[in-house]
Number of protein chains: 4
Amino acid sequence: MKFLSSGESHGKALAGIIDDFPSGVNIDFSYINNELKRRQSGYGRGKRMDIEKDSLEVLSGVRHGETIGSPISFLIYNKDWENWKEKMAVEFSDSKAENTKDLKILNPRPGHADFAGYTKYRLDDIRNVIERSSARETAVRVAAGGFAKILLKNFNIFVYSFVTQIGEIELDFCDSYQELNEDIYLRAEESDLRCPDEKVTDNMKKEIDAAVKKGDTLGGKFVLFAKRIPVGLGSYSQWNRRLDAKIAHAIISIPAIKAVEIGNGVSSAKSSGINFHDEIFYSVEEGFYRKTNNAGGIEGGVTNGEDIIISAYMKPIPTTSAGLKTVNIKTKKNESSLKERSDTCAVPSASVVGEAMLAIVLADELQEKFGRDSLPEMLENYKNYCKYMKNI
Amino acid sequence: MKFLSSGESHGKALAGIIDDFPSGVNIDFSYINNELKRRQSGYGRGKRMDIEKDSLEVLSGVRHGETIGSPISFLIYNKDWENWKEKMAVEFSDSKAENTKDLKILNPRPGHADFAGYTKYRLDDIRNVIERSSARETAVRVAAGGFAKILLKNFNIFVYSFVTQIGEIELDFCDSYQELNEDIYLRAEESDLRCPDEKVTDNMKKEIDAAVKKGDTLGGKFVLFAKRIPVGLGSYSQWNRRLDAKIAHAIISIPAIKAVEIGNGVSSAKSSGINFHDEIFYSVEEGFYRKTNNAGGIEGGVTNGEDIIISAYMKPIPTTSAGLKTVNIKTKKNESSLKERSDTCAVPSASVVGEAMLAIVLADELQEKFGRDSLPEMLENYKNYCKYMKNI
Amino acid sequence: MKFLSSGESHGKALAGIIDDFPSGVNIDFSYINNELKRRQSGYGRGKRMDIEKDSLEVLSGVRHGETIGSPISFLIYNKDWENWKEKMAVEFSDSKAENTKDLKILNPRPGHADFAGYTKYRLDDIRNVIERSSARETAVRVAAGGFAKILLKNFNIFVYSFVTQIGEIELDFCDSYQELNEDIYLRAEESDLRCPDEKVTDNMKKEIDAAVKKGDTLGGKFVLFAKRIPVGLGSYSQWNRRLDAKIAHAIISIPAIKAVEIGNGVSSAKSSGINFHDEIFYSVEEGFYRKTNNAGGIEGGVTNGEDIIISAYMKPIPTTSAGLKTVNIKTKKNESSLKERSDTCAVPSASVVGEAMLAIVLADELQEKFGRDSLPEMLENYKNYCKYMKNI
Amino acid sequence: MKFLSSGESHGKALAGIIDDFPSGVNIDFSYINNELKRRQSGYGRGKRMDIEKDSLEVLSGVRHGETIGSPISFLIYNKDWENWKEKMAVEFSDSKAENTKDLKILNPRPGHADFAGYTKYRLDDIRNVIERSSARETAVRVAAGGFAKILLKNFNIFVYSFVTQIGEIELDFCDSYQELNEDIYLRAEESDLRCPDEKVTDNMKKEIDAAVKKGDTLGGKFVLFAKRIPVGLGSYSQWNRRLDAKIAHAIISIPAIKAVEIGNGVSSAKSSGINFHDEIFYSVEEGFYRKTNNAGGIEGGVTNGEDIIISAYMKPIPTTSAGLKTVNIKTKKNESSLKERSDTCAVPSASVVGEAMLAIVLADELQEKFGRDSLPEMLENYKNYCKYMKNI
C-alpha cells in the first residue's frame with residue numbers, strides 16, 4: 001500500500017488516497033473513526049478538538065464493507081468550514097481578495113515551517129504554509145493507518161503506543177521491555193495522556209497545567225510496539241530497503257518528532273556488546289527466542305520475530321501563547337510570533353499518529369513478502385511461510 | 001542522484017552505480033580515495049583494515065576528470081580476494097561445493113542479520129548473510145558520498161562529522177552547537193577517534209583498551225553537520241518528502257545505527273516551547289538569522305538556512321571475541337557465536353559513512369530544487385535563488 | 001507532479017490527488033471543467049454522457065485561485081449516485097447484501113479486465129472489476145491533465161489532439177506533419193469526432209451509424225502533439241528515464257489503447273536511414289531547425305526542440321450490444337456478454353485523455369529540469385536555459 | 001527486481017546492478033553469455049561485433065552458482081579498450097587533454113541524441129553523448145534479462161522473439177497468432193535475421209545488401225511473445241500499474257524503437273468490437289480459454305492467461321555511411337554527419353534486447369504477486385495460486 005494525503009487545516013476537507021491495498025479485507029468504519037477520535041484526545045489539547053470530531057467518509061475502494069482492490073479514497077470534513085470558507089476559498093474573487101488582504105501573516109513562528117515554506121514556495125502569506133504544515137494533516141495518516149491496522153489484525157499483528165514522557169516527567173520504564181503486553185496498552189488507553197501509570201499521568205497533568213500558566217508548551221516521548229511480527233520483513237541487501245530505515249523515515253515524518261530510536265537505541269551507545277545484544281535460545285515450544293529485546297525486534301534491517309519497539313521524541317509545540325521573538329518578513333521589524341489557538345501538549349495524539357505510520361510501513365512490507373492482491377492469497381502465502389519456519 | 005550498491009564482503013569487488021548525477025563536475029579521485037581511507041581509520045578497528053586499503057576504480061560516467069551526465073559506475077576491489085576465491089566463487093563446481101560443505105555457518109550471531117537473513121532468503125549457510133550484511137558494504141556508500149560531497153562543494157556546502165561518545169566516555173558538548181565550525185572538524189580529523197578533544201580521545205582509547213581485554217565491543221555517538229545549506233530543501237507538503245525523514249532513513253540505514261536525532265531532538269522532549277525554539281532575528285548584514293539552533297536546521301521538514309545537525313547513536317559491534325550465546329539452526333544445540341576477526345569499536349568509521357549518506361541526501365535535494373542535468377545550469381539556478389532570497 | 005486517481009464508475013465520486021505541483025500557478029477552473037466536457041463529447045457516445053456533465057470540486061492546494069505548493073485534491077461527483085447508492089454502498093448492511101445478491105455479474109466480457117480482475121482480486125462479483133476498470137476513471141486524468149496544461153501554458157507549451165481514424169475511415173494525413181499548427185487543432189475542436197476534416201468527419205459518422213445498427217463498436221486512431229517544447233527533456237542515460245518510454249507508458253495506460261507510436265514510428269520500420277532521419281539546418285533567425293519531423297520531436301529519448309508527435313491506436317469498445325460469447329465463471333455455462341449501456345465509439349474522448357496524459361508527463365519533466373517548487377522560480381530557470389541555448 | 005545500467009560504449013567496461021532478485025535461483029552463466037552472443041549476431045551488423053564477443057563477469061549476488069538474495073553486479077568488458085583508453089580515460093591529464101582536443105565531435109547526427117544530449121548536459125564534445133546513447137548499452141539489459149529469463153523458466157514461462165520485417169520485406173504473418181509456438185522460435189534461431197521463414201530471410205538479406213551499397217540503413221519490426229503467463233499480472237486499479245503500460249515503457253526504452261503494439265493493436269483501430277475481441281470458452285481440460293488472441297494476452301492492463309504478444313517497430317539506424325546533412329554546433333556551418341563504423345540493420349539484435357526487457361518486466365511482476373525473497377517461497381505461493389485458479 002502507498003498513500004498520498006492532502007488538505008489544508010481549515011480547508012473544506014482533508015482527502016487521502018490509499019493505492020494498492022489488498023481486496024477482501026472487511027473494514028469496520030467505526031474502528032477507524034475511533035482511531036480518529038483517539039488522535040483528537042488527550043489532556044493538553046486546545047479547544048479546536050471540540051469543534052472537529054473527525055469522521056471518515058469513504059468514497060471508493062470499499063463496497064458493502066469489503067475492500068475490492070481499487071484505490072481507497074476518503075474525506076475528513078472540517079466541521080468549522082463555515083467560518084473559514086471565505087479566507088480559504090479555492091476560487092478567486094475580487095471581494096475575497098480585498099477582504100483577506102489585511103489578514104496576511106508575515107511573522108514566521110520559530111519552530112514551524114513558516115519561514116522556510118514562505119520562501120521555498122515564494123508565497124506572500126504565511127497562512128498558506130500554516131494550513132498545510134499544521135499537524136491537522138495527520139488525521140489523514142491516522143485514517144490510512146486504520147486501514148493498515150485492520151489488515152495487520154488479520155495476521156494477528158497489533159500495533160500499540162503509550163506515552164513515557166511529558167516535559168520533565170518521565171515514566172520509569174523497564175529497559176528490557178519485558179512488560180510489553182496488552183495490559184500496558186489497556187492502561188495507556190485509560191489515561192488522559194496515554195501513560196500506563198496513573199500516578200505518572202497525574203504528575204504529567206500538573207506539568208501541563210504549569211506550562212499553560214506560563215503560556216508555554218511541552219514535548220515528550222512515546223513508545224510504539226508491534227507484536228507477532230513475522231521474521232524476515234525488510235532487507236539488509238540494499239541500503240534503502242532496511243526496515244528500520246523505512247520506519248525511521250515514517251516516524252520522523254510526523255510533525256514535531258525530532259528523534260527516533262529502535263529498541264534501546266539511545267542507551268546502546270554507552271552499552272557494550274556483551275551486555276547489549278539479545279542472545280538466542282531455543283525450545284521446542286517456542287522455537288528460537290530471546291530473553292531480552294534491546295534490538296527492538298530488528299537486526300541488520302530485518303525483523304527477527306521479536307516485538308518491534310520504537311521510541312519517538314517530540315519537541316514542544318512551537319506555537320506558544322507567550323509568544324516568541326520573530327521578524328516581519330516584509331518590514332523586517334521585530335515582532336512576537338502568532339498566538340494561533342493551539343495546544344499545550346500533543347504527545348498523546350502524536351503517539352496515535354505514530355501507530356498509524358508504523359502500521360502503514362508494516363502493512364506495505366507484508367505485501368512485499370506475501371503478495372499484495374487479496375487478503376485470502378496473502379494469508380495462504382503467510383501460512384506457507386509459517387510452515388516453512390516451523391521446519392527450519 | 002540515486003545509487004545502488006552491491007558486493008559481498010569477501011567477494012572479488014564491491015560495485016556501485018550512481019544514476020542521474022549532473023555533468024560538468026570535476027572529480028578529484030584522490031579526494032574520494034581519501035574518503036575511503038577515512039572510513040578505514042580509527043582506533044579500535046581490527047586487522048582487516050591493514051589488508052584492505054580501499055581504492056576506487058571508476059569505470060564510467062567520468063571522462064578526462066569530469067562527469068558527463070552518464071551513470072557513474074565504480075569498483076572497490078577486495079585485496080584479500082586470493083584467499084577467498086574458492087569460498088566465495090561465483091560459479092558452481094563440484095570440488096568447491098565439496099571443499100566448502102563443512103564450512104557452513106549455522107550459529108547466528110546475536111545482533112546481526114544472521115538469523116533473519118537465513119530464514120528470509122531460505123539459505124543453508126549464514127555465510128551468505130554475513131557477506132552482504134557486513135559493514136564492508138559501506139565503502140560503496142562512502143565512494144558515492146564522495147561524489148555527492150564534491151557536488152556540494154561547488155555550492156560551498158560542507159558536510160562534516162565528529163565523534164562525541166565511545167561507550168561511557170562522552171564529550172561534554174555545548175548543546176547550542178555554537179561551536180560548530182571548521183575548527184572543530186579539523187581537530188576531529190587529527191584524532192584517532194574523530195573526537196575534537198584530545199583528552200576525551202585519550203579516555204576513549206582507554207575505554208576501548210579495556211573492552212579489548214574483556215573480549216567486548218563498544219558503540220557510541222557521532223554528530224553530523226552540514227554548513228551553508230540553502231533555505232527550502234525538503235517539503236512539509238507530503239509526508240514522504242520531508243527532509244528530516246529522508247535523512248533519518250539514510251542514517252538509520254547505516255549498519256548498527258539504532259537512533260537518529262535532528263538538532264537537540266532527544267533533549268527537546270524535556271524542554272519547553274519557550275526554551276527550545278530558535279527565535280528569529282534580522283540584520284542587514286546577515287539577513288534573517290537565529291542565535292540558537294536547537295532545530296538542527298530543519299523546521300517542518302524543510303531547511304531553514306541554519307546548519308543541519310544530526311546525531312547518530314551506534315550500538316556496540318555484535319561480533320565479540322568473548323562470544324555470545326546462540327543456537328545452531330540445524331542441530332538446535334546451544335553454541336557460542338562466531339568470533340570472526342572483527343573490530344572493537346567502529347564509531348569513527350560510521351561517522352564517515354554518516355557524512356556520505358547525509359551528503360547523498362542533500363545532493364539529491366539540491367537537484368530537486370535547482371535542476372539535475374549539469375553543474376553550470378544548477379549553479380545558474382542557484383544564483384537566481386540567492387538573488388530572490390536577498391530581496392525577499 | 002505525481003498523481004493518484006481513485007473512484008468507482010458508479011460510486012459517489014471520483015477523487016484525485018496531485019502531489020508536488022508548483023505554487024504560484026493561477027488556476028482557471030472553468031478551463032478544467034471545459035476539459036472534462038471535451039472528454040464527454042463526441043459522436044458515438046452513449047446516453048450516460050447526458051447524465052454526467054462532470055464538474056470539478058477542488059478541495060485543497062489552491063487558494064483564491066492560485067496554487068500554494070500543497071497537494072491538490074479534487075472530486076468529480078457522480079450525478080447518478082442516487083440510483084446506485086445501494087448497489088455501490090461503501091458500508092455493509094444485511095438488507096443491501098440481500099438486495100444485491102442476485103445482481104452479481106459472473107459472465108466476463110471479452111476485451112475487458114473482467115476475467116483477470118475477478119481472479120486476481122479473488123472477487124465474487126465482476127461488478128467490482130467493472131466499476132474500476134471502466135473508462136470513467138479517465139475523468140480524473142483529464143482533471144489532473146488540466147492542471148498540467150495550465151502549467152505548460154506558462155511556458156508557452158500547448159498540447160493538442162485530433163482524430164485521424166474511426167474504424168476503416170482514415171484521414172489522409174501528411175506524413176511529414178508539416179501541417180501541425182493551431183489551425184488543425186481549431187478545426188478538430190469544431191468536429192463532433194475531433195477530426196480536422198469535415199468530409200472525413202461525415203464519413204466517420206456514417207461508419208458509426210452503421211456500427212450502431214449492427215450492435216457493433218469501433219476503435220480508431222488519434223494524434224497528440226505538443227508545441228514549443230524545450231530541447232533536453234528526458235534522458236538517454238538510463239533506460240527508464242527516456243522521455244519516449246515515459247510517454248508510451250502514459251499513453252498505453254489509457255483504457256483500450258493497444259499501440260503507441262512516436263513520430264512516424266510505424267512506417268519508420270519500412271523506411272531507410274537516408275529517407276527517415278530529420279536532417280539538421282541552421283539559420284540566424286531560427287537557430288538549429290529541421291525541415292521534417294519523422295522523429296516526432298524525440299531523438300535518443302530526449303526532446304530535440306521539434307514538436308512532439310504521438311499516435312495512439314484504440315481498439316473497439318469491448319461492450320457490444322450484439323453481445324459476445326463468454327462463459328459464466330461459476331456455472332461454466334456459455335453465455336452472452338453483458339450489454340451494459342455503453343458507447344459505440346470513444347476515440348474522440350480518448351484523444352482528450354491522451355492530451356491529459358501527455359501534458360502530465362511533460363509537466364513532470366519540466367519540473368525535473370527547471371525545479372519544482374514555484375512557477376516564478378521555474379520560469380527564471382527556464383529563461384536561464386533559453387539564454388544558454390541562444391549562445392550555444 | 002530493479003536494475004541500473006552504466007557504461008560508455010568504448011569505456012573499459014559496462015556494468016550493471018540488479019537489486020531485489022530472489023535467492024535460490026541456479027544461474028547458468030553460459031546461458032547468459034549465449035544471450036549476449038545472440039544480441040551480437042545478425043546479418044547486417046558491422047565489424048565491431050567481431051571485436052566484442054561479450055562475456056559476463058559476475059562480481060556479486062551469486063555464490064557457487066546460486067543467487068543468495070544480495071544485489072547481483074556484473075561487468076561486460078570492452079575488448080577494444082586498449083585502443084580507446086586514452087580517448088576515454090576517466091582521469092584528467094594534460095597530455096590526454098591535448099591529444100584529444102582536436103578529436104572533439106561537433107556535428108550532431110540526425111536521428112541520434114547528439115544534439116539534444118550536447119545541450120542538455122552542456123557538453124563540449126558530442127563524443128560524450130555518443131558513448132552513452134549508443135546501443136552498446138543494451139548488452140547490460142540483455143545480461144539483466146538473462147537473469148530474469150532464468151527466473152521465469154522456473155515458472156515454465158518462456159519469452160521469445162522473431163523478426164517479421166526488414167525495410168520493405170515483410171513476413172506475411174497470421175494475424176491470429178495461432179502459429180505461436182516453440183517451433184516458430186526454433187526456426188527464428190536458425191535464421192541470420194531471426195526470421196522464421198527461410199525465403200523471407202533471403203529477401204531480407206538482399207534488402208540489406210542493397211542498402212549497404214547505397215550507404216543506407218534499414219529498420220524493421222519484431223514480435224515478442226511470452227508463454228504460460230499466469231492470469232492476474234498487472235492491474236487496472238491505478239494508471240501506472242497497468243502491465244501493458246509497463247511493457248510499453250520497457251520496449252520503447254530500447255534505442256531506435258519508435259512504436260510498440262500490444263497484440264493486434266495497430267489493426268485493432270480499423271477492426272470492430274465483434275471481430276476483434278477474444279471470446280471466452282471453457283472446457284474441463286483447458287479451463288477458460290480463447291480461440292483468438294487479438295488482445296495479446298492483456299485485457300484492462302492485466303494478463304488474461306493467453307500468450308503475451310508485443311510488436312516493436314524499429315527505425316533505420318541513424319548513422320549512414322552516405323552521411324546526412326547537419327550543422328557544426330560551434331561554427332554553424334553545414335557539414336555531413338559522422339560516419340562512425342556502424343551497422344546497416346540491427347533489428348535481430350533489438351529483438352533479443354526486447355526479449356530481455358519483456359522478461360525483466362514479467363519477472364518483476366511475478367515478484368509483486370508471489371513474493372520476492374526466494375525462489376522456493378515464490379514457487380510455493382505460485383502453486384497456491386494455481387490451485388485457487390483450478391477451483392475458481
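Basis for what follows: all heavy atoms, side chains included, without hydrogens, waters or symmetry-related copies. Just so we're on the same page: letters track the sequence lines, and every chain starts at 1. Here the structure is a predicted model, which is why all the values come from computation and not from measurement.
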Most contacts with chain A, counted as non-hydrogen pairs under 4.5 angstrom, among [options]:
{"options": "C/G11, C/G117, C/S73, C/S133", "answer": "C/S73"}
{"options": "C/K12, C/E66, C/R132, C/R122", "answer": "C/R122"}
{"options": "C/L375, C/V129, C/V58, C/I72", "answer": "C/V58"}
{"options": "C/I27, C/D124, C/N128", "answer": "C/N128"}
{"options": "C/I17, C/V62, C/L14", "answer": "C/I17"}

If you measure from [atom1] on [X] to [atom2] on [Y], what distance do you get to the nearest 0.5 Å?
{"X": "A/K87", "Y": "C/H64", "atom1": "NZ", "atom2": "NE2", "answer": "10.0 Å"}
{"X": "C/R127", "Y": "A/I68", "atom1": "CZ", "atom2": "CD1", "answer": "10.5 Å"}
{"X": "A/S6", "Y": "C/L4", "atom1": "OG", "atom2": "CG", "answer": "10.5 Å"}

With a 4.5 angstrom heavy-atom cut-off, is it the side chain or the backbone of [X] that approaches chain A, or both, or neither?
{"X": "C/L75", "answer": "side chain"}
{"X": "C/Y121", "answer": "both"}
{"X": "C/E57", "answer": "side chain"}

Open item on the list: If only side-chain N and O atoms count, and only distance matters, is there a donor-acceptor pair under 3.5 Å linking A/S70 with C/E131?
Closed with: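 Per modelled atom types, C/E131 and A/S70 side chains form no pair under 3.5 Å.
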Task: Residue, of A/A13, A/P22, A/S374, that accumulates the most heavy atom pairs under 4.5 Å with chain C - done: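 Maximum pair count with chain C is reached by A/S374.
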- [ ] Please check if the side chain of C/E8 supplies one atom and the backbone of A/G61 the other of a donor-acceptor pair under 3.5 Å.
- [x]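 Here the side-chain-to-backbone pair exists.
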Open item on the list: Quick one, A/V90 with C/F29, criterion side chain to side chain contact (heavy atoms under 4.5 Å, CB included). Give me CA distance, side-chain angles, the key distance, then yes/no.
Closed with: CA-CA 10 Å; A/V90 162; C/F29 296 107; 3.1 Å; yes
